[in-house]
Amino acid sequence: MQDVLDVAPWANLVDGGPRNKVAVVRRSRLVHRLASEPSDQLFIGDYRSPFMQHLALRQPHDYVWLLDDGLGTIETWRRRTDPQAAVTRAAPSWLRQVLSAKLLRLESGDVERLRYFTFFNLTPSETELVTVNRLAWLRGRLPAGPPDERTLFLGSPFVEIGKMTEDHYVSLLASVAAQRGAIDYRPHRRENPHKLARLAQIDHLTVVDASGTIELVLTQQPTLPKQVLSFASSATYSIYKLVGDRVRVGTYALEPTDFLDDWFATGDGVPALLEQSGGKIALEAMPGRPSDYLSRYQPVTGES
């Protein structure tokens, strides 16, 4: 988001630094310092993060706005409106997060009211407000011509957050590239260089520059890609909302056995993407697998 906000005269943009273990203490000091600086409107991203919860609870403010954090926005909304519907997190990850928050003296909990600025279809509660992000500024800057022949694949940090082994992730991408032919792989900001170097060795796959917000990048290119694919990336939904029917947007459905233990709840994120798009995001079976397992998604695709 920095490539959008760093030129906005009304915003005080604060960089929390890279997401890694070394930077945790520095980020903790940053949020403790910011908590003493009042603001009229506090805009935050990942409200599930202990850092962001601490900031929202400790910094004097008039309103707290949750900017789109992909599927994290949906999870936060569900947890606050219907706790039983929220996605269950893996126990080891949750425990590390709680212990880390206590060690760093981060206050955790929920603010009384939260406002959402989002392109997701959320029904607000009586105490909260949802403002629809119609992406008008970005839409007005999209290239006007027909798409080119590129297939863009959006990377996922499954390996880096402990959901999947690196070997398996590389094998999944190799099977996709073998099926699709030439694909441009755009890494997620959290993917590690070692894994990307391995992906670059796959036939028919090119790792492309990942700088800049993908939605903004699409407005700066001469043409749009023919299709955008992913493994349950919420960016596929934002791209679908941005470009509509001009680009084919799809997501590959993975199976519980693709993930490490305790990481697959309903849980790959695909159901939420299909539900939000009304089934407009294409559901893909992994190459070489029978498509029977896609039947688990019928309630959210509307198929029978």
Side-chain angles (χ1 to χ4, degrees), residues 1-17 19 27-28 30-89 97 101 106-140 189 213-216 233-242 269 271-273 275-278:
M1 188 172 291
Q2 184 168 352
D3 49 356
V4 178
L5 291 181
D6 58 5
V7 296
W10 48 267
N12 177 23
L13 184 66
V14 179
D15 185 1
R19 292 189 179 185
R27 295 182 70 202
S28 176
L30 174 64
V31 296
H32 280 295
R33 176 176 63 79
L34 290 174
S36 64
E37 300 179 4
S39 66
D40 297 326
Q41 312 279 340
L42 177 60
F43 290 87
I44 61 177
D46 186 1
Y47 185 69
R48 301 166 302 164
S49 160
F51 296 99
M52 294 298 99
Q53 285 193 21
H54 174 85
L55 188 60
L57 289 165
R58 298 297 298 167
Q59 183 184 37
H61 59 264
D62 291 331
Y63 299 104
V64 176
W65 289 85
L66 178 61
L67 297 174
D68 267 319
D69 181 49
L71 296 174
T73 296
I74 295 179
E75 184 177 337
T76 298
W77 171 73
R78 283 179 172 167
R79 179 172 55 80
R80 290 172 66 89
T81 56
D82 181 7
Q84 299 303 316
V87 174
T88 302
R89 292 192 147 202
Q97 192 175 67
L106 299 178
E107 186 172 342
S108 63
D110 280 333
V111 294
E112 183 178 351
R113 289 181 297 275
L114 193 64
R115 295 185 168 195
Y116 300 82
F117 182 67
T118 179
F119 43 62
F120 288 117
N121 301 312
L122 306 182
T123 303
S125 66
E126 294 181 358
T127 60
E128 300 187 340
L129 173 70
V130 175
T131 298
V132 179
N133 178 8
R134 303 188 185 281
L135 304 174
W137 187 87
L138 290 170
R139 283 177 177 160
R189 65 183 182 280
T213 307
I214 179 59
E215 294 83 0
L216 185 60
S233 168
S234 57
T236 54
Y237 178 77
S238 62
I239 292 173
Y240 155 73
K241 294 290 285 187
L242 178 63
L273 296 178
E275 182 180 44
Q276 286 288 319
S277 71

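Atoms considered below: every heavy atom in the structure, side chains included; atoms not considered: hydrogens, waters and symmetry mates.
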**Study point:** Reported OG-to-CG distance for the pair Ser39 and Leu55, which is rounded to 0.5 angstrom
**Key:** 8.0 Å
Study note, to complete from the structure: With sequence neighbours left out, the residues meeting salt bridge (Lys or Arg N to Asp or Glu O under 4.0 Å) with Arg139 are none
Which pair of heavy atoms, one from [X] and one from [Y], lies closest together, and at what distance?
X: Leu106; Y: Pro50; answer: CD1-CB, 3.9 Å
X: Asn133; Y: Phe119; answer: O-CB, 3.5 Å
X: Met52; Y: Ile44; answer: SD-CB, 3.9 Å
X: Tyr47; Y: Leu66; answer: CB-CD1, 3.8 Å
X: Ala272; Y: Ile74; answer: CB-CD1, 4.0 Å
X: Ser234; Y: Leu273; answer: CA-CD2, 3.9 Å

Check your understanding: Should Gln59 and Leu42 be marked as a side-chain contact (heavy atoms from CB on, under 4.5 Å) after you check the CA-CA gap, both sets of side-chain angles, and the distance that decides it?
Key -> CA-CA 9 Å; Gln59 183 184 37; Leu42 177 60; 3.0 Å; yes
Review point. Does Ser238 have any side-chain hydrogen bond (donor to acceptor under 3.5 Å, both in side chains) partners at least two apart in sequence or in another chain, and if so, which?
Key: Glu215
Taking side-chain contact (heavy atoms from CB on, under 4.5 Å) as the test, write out the residues that go with [X], two or more places apart.
X: Thr131; answer: Trp65, Phe117, Leu129
X: Thr123; answer: Trp77
X: Thr118; answer: Asp68, Thr73, Tyr116, Phe120, Leu122, Val130

Point to revise | His54 side-chain N/O to Glu107 backbone N/O, donor-acceptor pair under 3.5 Å | key: yes
Check your understanding: So, do His61 and Asp40 sit near enough that their side-chain heavy atoms are less than 4.5 Å apart?
Key -> no
Point to revise | side-chain contact (heavy atoms from CB on, under 4.5 Å) between Phe43 and Gln41, intermediate numbers included | key: CA-CA 6 Å; Phe43 290 87; Gln41 312 279 340; 3.5 Å; yes
Check your understanding: Does anything in residues 109-126 pair up under salt bridge (Lys or Arg N to Asp or Glu O under 4.0 Å), and if so which pairs, sequence neighbours excluded?
Key -> Arg79-Asp110, Arg80-Asp110
